[in-house]
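Below is one structure; the comments refer to it alone.
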Amino acid sequence: MNILEELNARGLVQATTDDEGLAKLLSEESVSFYAGYDPTSASLHIGSLVPISLMARLQKAGHKPLVLVGGATGMIGDPSGRSDERSLLDAETLAANLAGIRKQLEPFVKFGDSASDGSGSSASGNGAVVVNNADWFREIGYIDFLRDVGKHLTVNYMTAKDSVKSRLNDREQGISYTEFSYMLLQAYDFAHLAKTQNCQLQVGGSDQWGNITAGIELSRKMGRKGKLYGLTNPLLLDSSGQKMGKTSSGTRVWLDPNLTSPYAFYQYWLNSEDNEVDKLLRLFSWRSLEEIAAIVAEHAEAPHKRIGQKALAEDLTTWVHGADALAKAIAASQVMFGGSLELLSDVDIEPLLADLPSSEMPKTELESGVALLELMQSS
């Protein structure tokens, strides 16, 4: 099974611009590829885990990730999959968000000699590189950009893309010129990285298809001789069908433990629907496909035991937060059923208060002795 076949088997591929050509390229060469992250928040979320999983598996197969942080495009906002315009960020917030994203990606993707993420991949020769599109856009004047880049893509071509078309058809919201220009800026990112880093592949969510294909078209019209490829992954949706995101209206489960505790993170996956377990394990678990199939089969025989959900919650919590956090999340879960508090600190216990009735009492009052009946009445 080549890497593209494995990605397909795991459900990580929604579409490619050329299945056969991309499979051949990934099998024969070490390919530089890029995934973009707009810094609309200092924390990534579980929807980000789909492209992260894709990126980590491509790196494990020997390919080189270029992690593009949108210092320039993040100031505008991508209209793809949105019905309203994003709020514009100030420079200070943008800088903080950029730093947060880089730090959060470190456990998943190898930057030089960074520590192992548990996937068994090596950083030698294909360590990830962070690139910021503000570095090249700040050097380009507006008139130069219109003359040298804008002339290559027609308005007809751009308005035919779903990300723009859906907003143009919404008379109430519409689309500003600022957001309309986003596609051209992201297309130039691909053309620039293809020229300067020999980047041959862009990966992103299925809502990025229009932007990715625009980048391929722009690069061709700007004189690129070699072929470029695009690959999109499916979006992670919540129970209402909304996209998991930082700024969307869907459910938000953050990777930052200060925003979503490891306990709440663990519980989220533990409460997955039975019919989602197989898909989610294939997307995110580093177990082999054969082992996942065995877990799913065992789960199907006794769904009430939640074997699949437990494997999913354990694998995801370990991957994102580490083994120690998993142990504390499991201990905190067991407290709900009379387990010991011995391994838990106040910080570990705090998330439980959202699910359990509680009251506060001074420590000195407890140490001096409180009658059981009085204690129960106060709670």
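Please read these numbers as outputs of a predicted model, since none were measured by experiment.
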Less than 4.5 Å apart, any side-chain heavy atom of [X] and any of [Y]?
| X | Y | value |
| --- | --- | --- |
| Pro65 | Phe33 | yes |
| Gln186 | Gln202 | yes |
| Leu44 | Phe108 | no |
| Lys161 | Thr213 | yes |
| Asp18 | Leu25 | no |
| Trp209 | Thr17 | yes |
| Ile3 | His63 | yes |
| Phe265 | Leu316 | yes |

Testing the basics here: between [X] and [Y], what is the closest heavy-atom pair and its distance to 0.1 Å?
| X | Y | answer |
| --- | --- | --- |
| Arg10 | Leu281 | NH1-O, 4.2 Å |
| Leu12 | Ser53 | CD1-OG, 3.9 Å |
| Ile212 | Gly204 | CD1-N, 4.1 Å |
| Asn2 | Leu4 | OD1-N, 3.1 Å |
| Val109 | Met55 | CG2-CE, 3.6 Å |
| Pro262 | Ala329 | O-CB, 3.9 Å |

Subject >> Under-4.0 Å salt bridge between Lys103 and Glu106 >> reply: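 Here Lys103 does not pair with Glu106 in a salt bridge, since their nearest N and O are not under 4.0 Å apart.
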**OP:** Look at the side-chain heavy atoms of Ile, Leu, Val, Met, Phe, Trp and Tyr, link any pair under 4.5 Å apart, and say whether Tyr266 and Leu255 land in one connected group.
**Re:**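 Per the 4.5 Å side-chain linkage, Tyr266 and Leu255 are not co-clustered.
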Keeping [X] on the side-chain end and [Y] on the backbone end, is there a donor-acceptor pair under 3.5 Å?
| X | Y | value |
| --- | --- | --- |
| Gln59 | Asn126 | yes |
| Ser43 | Asp256 | yes |
| Arg306 | Leu270 | yes |
| Asn133 | Gly71 | yes |
| Ser219 | Ile216 | no |
| Thr260 | Trp254 | yes |
| Lys64 | Gly127 | yes |
| Thr317 | Glu314 | no |

**OP:** Walk me through it: do Val50 and Leu235 pass the test side chain to side chain contact (heavy atoms under 4.5 Å, CB included)?
**Re:** CA-CA 7 Å; Val50 183; Leu235 301 176; over 6 Å; no
Original post:
For atom CD of Glu298, is the number of surrounding heavy atoms from other residues, nucleotides or ligands below 6.0 Å larger than 12?
Top reply: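 Counting neighbours around CD of Glu298, 12 or fewer heavy atoms of other residues, nucleotides or ligands fall under 6.0 Å, so no.
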Original post:
In terms of heavy-atom contacts, does CG of Asp274 have more than 12 from other residues, nucleotides or ligands at under 6.0 Å?
Top reply: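 For Asp274, atom CG is crowded (more than 12 foreign heavy atoms under 6.0 Å).
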Can you tell me how far apart [atom1] ([X]) and [atom2] ([Y]) are? Round to the nearest 0.5 Å.
| X | Y | atom1 | atom2 | result |
| --- | --- | --- | --- | --- |
| Met183 | Thr159 | CE | OG1 | 8.5 Å |
| Leu218 | His192 | CG | NE2 | 12.5 Å |
| Ser272 | Lys310 | OG | NZ | 14.0 Å |
| Thr154 | Glu217 | OG1 | CD | 9.0 Å |
| Lys328 | Ile330 | NZ | CD1 | 13.0 Å |

Subject >> Over-ring placement of Arg224 relative to Phe190, 6.0 Å and 45° cut-offs >> reply: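 The answer is no, since Arg224 fails at least one limit relative to Phe190.
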Original post:
Could you walk me through whether Asp148 and Lys151 pass the salt bridge (charged side-chain N to carboxylate O under 4.0 Å, His left out) check?
Top reply: CA-CA 7 Å; Asp148 299 334; Lys151 68 179 181 181; 5.2 Å; no
Subject >> Trace of the side chain to side chain contact (heavy atoms under 4.5 Å, CB included) decision for Tyr188 with Met222 >> reply: CA-CA 10 Å; Tyr188 184 73; Met222 291 182 69; 4.0 Å; yes
Original post:
Between Ile292, Leu283, Ile295, which is the residue that forms a side chain to side chain contact (heavy atoms under 4.5 Å, CB included) with Asp278?
Top reply: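 Single pass found, and it is Ile292.
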**OP:** Only one of Leu105, Val130, Leu68 passes side chain to side chain contact (heavy atoms under 4.5 Å, CB included) with Tyr37; say which it is.
**Re:**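 Only match with Tyr37 under side chain to side chain contact (heavy atoms under 4.5 Å, CB included): Leu105.
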Original post:
Are Leu289 and Met1 close enough, and set up right, to give a side chain to side chain contact (heavy atoms under 4.5 Å, CB included), and what steps lead you there?
Top reply: CA-CA 11 Å; Leu289 290 167; Met1 184 182 292; 4.3 Å; yes
Subject >> Check: Ser285/Asp315 side-chain N/O donor and acceptor closer than 3.5 Å >> reply: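 Yes.
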Original post:
Would Gln267 and Ser333 count as having a side-chain donor-acceptor pair, cut-off 3.5 Å?
Top reply: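 Yes, a side-chain donor-acceptor pair sits under 3.5 Å.
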Original post:
Relative to each other, are the rings of Phe145 and Phe137 parallel, tilted or perpendicular (30° and 60° limits)?
Top reply: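 Perpendicular.
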Original post:
Do the rings of Phe284 and Trp319 sit parallel, tilted or perpendicular, given the 30° and 60° boundaries?
Top reply: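 Rings of Phe284 and Trp319: tilted, as their planes differ by 30° to 60°.
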Subject >> CA sep, side-chain torsions, deciding dist, call: Asn97, Val69, side chain to side chain contact (heavy atoms under 4.5 Å, CB included) >> reply: CA-CA 10 Å; Asn97 291 352; Val69 289; over 6 Å; no
